[in-house]
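Shown next, in structure tokens, is the structure this report addresses.
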Amino acid sequence: MSSTLLVIVLIGAAVGFLGGLLGKGGSAIATPVLLSVGVPPAVALAAPLPATVPGALVAADRYRRDGQIDRRVLRWSLIAGIPATIIGAVATRWIDASALVTVTEVIIIGLGVRLLTVAADEVEGEAGQADRNRTIAVAVVTGLAAGLLANS
């Protein structure tokens, strides 16, 4: 096994561990790390994708068993997010992979800043129209980003 392939396997193991430890998001760091070892941008963007669905399903099952899934949020997220993901994925045909890598890096920095500066909001009670609209907006933006960046 070449040293580059060994490094890529170790990166995959580390990212998988982080994804399991932190829930989801470990794959977000895979793209820039893979780029840093010379993986082409299009491959670095797509490489973490196969682990996304099984990882999300495992995490979702844990939340389901703990009764922490809001079915209204889930329903609206799927209704808005799936079409947006498909649109984002199709749009990658016309967008340079290097530009998508830059967007990935900006999003990662933004998420890091958000985690460092803002406490998580707790939503209690019934979800009203405003909550539904926010859920749909988040699902559309997340779906577009997931389709474009091959990341969840």
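Atom set for the values below is all heavy atoms of this structure, side chains included, hydrogens, waters and symmetry mates excluded. In this chain, numbering begins with 1 at the start of the sequence shown.
Residue pairs meeting the salt bridge (charged side-chain N to carboxylate O under 4.0 Å, His left out) criterion with at least one partner in residues 53-62, sequence neighbours excluded, are D61-R64, D61-R65, R62-D66. Applying the salt bridge (charged side-chain N to carboxylate O under 4.0 Å, His left out) rule to pairs touching residues 73-99 yields nothing, sequence neighbours excluded.
The distance from the CG atom of D70 to the CG atom of L74 is 8.5 Å, given to the nearest 0.5 Å. The CD1 atom of I8 sits 7.5 Å away from the OG atom of S2 when rounded to the nearest 0.5 Å. To the nearest 0.5 Å, atoms CG (L45) and CG (L35) are separated by 7.0 Å.
Here the side chain of T102 pairs a donor or acceptor atom with the backbone of S98 at under 3.5 angstrom.
Considering every non-hydrogen atom in both A44 and L34, the closest pair reads CB-CB, 3.9 Å. Of all the heavy atoms in A80 and P83, the pair that sits closest is O-CD, 3.6 Å. Across I95 and L100, no two heavy atoms sit closer than the pair CG2-CD2, 3.6 Å.
Remark: V33 engages I11, S36 in a side-chain contact (heavy atoms from CB on, under 4.5 Å) (not counting sequence neighbours).
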